[in-house]
Enquirer: 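This is the structure, below, for whatever I ask next.
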Amino acid sequence: MFIQTEPTPNPNALKFLPGRDVASDPRDFVNLDEAAASPLAEALFALEGVAGVFFGYDYVSVTRGPDGPDWAVMKAPILAAIMDHFVSGAPLMRSGTEINDAGAGDDSEIVIEIKQLLDSRVRPAVAQDGGDILFDAFDESTGVLTLRMRGACAGCPSSTATLKSGVEQMMKHYIPEVTSVEQVI
């Protein structure tokens with residue numbers, strides 16, 4: 001098995017591409033307790049310096065902590081953990097840890113349009129950088145759209161610019177009811 005790596009705009013995150021599907025639904029893990037839902041995430045958090053793990057459709061994004069070792073030290077153990085996991089045939093997620101999307105049918109027409117635009121135009125571009133972006137809320141009275149950044153995009157120095165220059169402008173263009181885009185941390 002050959003695993004490629006790619007840098008991301010976030011200097012503290014690296015994207016690992018195992019050459020196979022990883023997750024049908026992207027998942028984000030920000031601590032060891034959350035990582036208990038996945039054998040791979042748990043193995044990665046056991047490594048020195050790992051502060052975040054994100055499973056994209058065809059990649060694993062790993063974020064190092066501010067005081068962690070540099071990538072030259074961390075890369076080999078991360079590659080080994082990913083390879084060991086996929087070679088073992090173990091499931092990505094432990095049973096009983098699926099995501100429940102209940103209540104999604106209660107969205108207004110504007111929220112449905114926002115989610116469709118995020119899914120078709122924004123999320124694929126953000127995935128290129130090892131992250132994900134999710135709808136959080138839309139206040140129809142003020143036009144403020146709040147979004148949640150995950151993976152390599154969470155904590156990235158350029159995420160604010162991405163939201164304001166890219167996502168906000170696109171949303172305003174296609175959905176005039178959106179007046180501002182904010183990030184939920």
Side-chain angles (χ1 to χ4, degrees), residues 5-18 20-47 49-66 68 71 74 78 81-82 85 91-94 97-104 107 111 114-138 144-168 170-171 178 180-185:
T5 61
E6 288 182 3
T8 70
N10 182 349
N12 289 322
L14 198 58
K15 189 174 170 182
F16 296 82
L17 299 118
R20 63 187 313 163
D21 290 342
V22 174
S24 57
D25 291 313
R27 291 290 299 256
D28 193 30
F29 306 92
V30 296
N31 58 47
L32 187 55
D33 290 339
E34 289 180 8
S38 166
L40 177 55
E42 199 169 47
L44 290 168
F45 267 98
L47 301 174
V50 173
V53 175
F54 178 76
F55 298 147
Y57 296 110
D58 63 351
Y59 64 90
V60 176
S61 177
V62 177
T63 304
R64 67 180 177 189
W71 286 117
M74 293 181 68
I78 292 170
I82 294 170
H85 174 80
L92 184 66
M93 303 301 296
R94 292 190 168 94
T97 59
E98 294 79 22
I99 298 174
N100 183 4
D101 264 347
D107 292 339
V111 169
I114 290 169
K115 287 181 177 180
Q116 288 174 341
L117 189 57
L118 282 171
D119 287 345
S120 65
R121 304 281 298 268
V122 179
R123 291 181 78 195
V126 172
Q128 294 276 325
D129 291 335
D132 196 16
I133 188 167
L134 296 176
F135 174 85
D136 185 68
F138 178 65
V144 175
L145 169 62
T146 53
L147 302 172
R148 188 171 308 274
M149 306 293 275
R150 302 190 308 174
C153 297
C156 176
S158 61
S159 65
T160 302
T162 298
L163 280 176
K164 290 297 181 184
S165 300
V167 178
E168 182 174 277
M170 181 186 303
M171 286 292 169
V178 174
S180 175
V181 174
E182 304 294 330
Q183 179 177 352
V184 175
I185 298 176

Enquirer: Give, for atom CD1 of Ile133 and atom CG of Leu118, the distance between the pair rounded to the nearest 0.5 Å.
Expert: 6.0 Å
Enquirer: How long is the span from the CG atom in Leu44 to the CE atom in Met74, to the nearest 0.5 Å?
Expert: 9.0 Å
Enquirer: Between Arg123 and Leu134, does the side-chain contact (heavy atoms from CB on, under 4.5 Å) criterion hold? Intermediate values first, please.
Expert: CA-CA 8 Å; Arg123 291 181 78 195; Leu134 296 176; 3.8 Å; yes
Enquirer: Would you please test Asp28 and Phe55 for side-chain contact (heavy atoms from CB on, under 4.5 Å) and show each step?
Expert: CA-CA 6 Å; Asp28 193 30; Phe55 298 147; over 6 Å; no
Enquirer: Would you compute the distance between atom OG of Ser180 and atom CG of Leu145 and round it to the nearest 0.5 angstrom?
Expert: 8.5 Å
Enquirer: Once you round to the nearest 0.5 Å, how far does CG of Leu92 lie from NE2 of His85?
Expert: 5.0 Å
Enquirer: Report yes if some heavy atom in the side chain of Met93 is under 4.5 Å from a heavy atom in the side chain of Pro39; otherwise report no.
Expert: no
Enquirer: For the side chain of Trp71 and the backbone of Pro11, is there at least one donor-acceptor N/O pair under 3.5 Å apart?
Expert: yes
Enquirer: Do Thr146 side-chain atoms and Ala137 backbone N/O form a donor-acceptor pair below 3.5 Å?
Expert: yes
Enquirer: Once rounded to the nearest 0.5 Å, what's the spacing between atom CD1 of Ile78 and atom CG of Leu14?
Expert: 7.0 Å
Enquirer: Taking the basic N atoms (NZ, or NE/NH1/NH2) and the acidic carboxylate oxygens, is any pair closer than 4.0 Å for Arg148 and Glu182?
Expert: no
Enquirer: Is there side-chain contact between Ser24 and Tyr57, with heavy atoms separated by less than 4.5 Å?
Expert: no
Enquirer: How far apart are the C-alpha atoms of Asp132 and Arg150, what are their side-chain angles, what is the distance that settles it, and do they pass the salt bridge (Lys or Arg N to Asp or Glu O under 4.0 Å) test?
Expert: CA-CA 5 Å; Asp132 196 16; Arg150 302 190 308 174; 2.8 Å; yes
Enquirer: Relative to the ring of Tyr59, is the ring of Phe54 parallel (under 30°), tilted (30 to 60°) or perpendicular (over 60°)?
Expert: tilted
Enquirer: May I ask you to test the Leu17-Thr5 pair for a side-chain heavy-atom distance under 4.5 Å?
Expert: no
Enquirer: Might you point out which heavy atoms bring Ile114 and Met171 nearest each other, and give the distance in Å?
Expert: O-CE, 3.9 Å
Enquirer: Of all the heavy-atom pairs spanning Ala81 and Leu40, show the shortest one and how long it is.
Expert: O-CD1, 3.7 Å
Enquirer: Is it true that a side-chain atom of Asn31 and a backbone atom of Asp33 form a donor plus acceptor pair closer than 3.5 Å?
Expert: yes
Enquirer: Of all heavy-atom pairs between Ser61 and Gly151, which one has the smallest distance, and what is that distance?
Expert: OG-C, 4.4 Å
Enquirer: Looking at Ser38, is its backbone amide N or carbonyl O close enough to the side chain of Glu42 to form a donor-acceptor pair, meaning the two atoms are under 3.5 Å apart?
Expert: no
Enquirer: Kindly determine whether Arg20 and Asp58 satisfy salt bridge (Lys or Arg N to Asp or Glu O under 4.0 Å), including the steps that lead there.
Expert: CA-CA 6 Å; Arg20 63 187 313 163; Asp58 63 351; over 6 Å; no
Enquirer: Looking only at heavy atoms, what is the nearest atom pair of Val30 and Phe45, with distance?
Expert: C-CZ, 3.7 Å
Enquirer: Rounded at 0.5 Å granularity, tell me how far CG in Asn10 sits from NZ in Lys15.
Expert: 13.0 Å
Enquirer: Donor-acceptor pair, distance only, cut-off 3.5 Å: does the side chain of Glu168 make one with the backbone of Val181?
Expert: yes
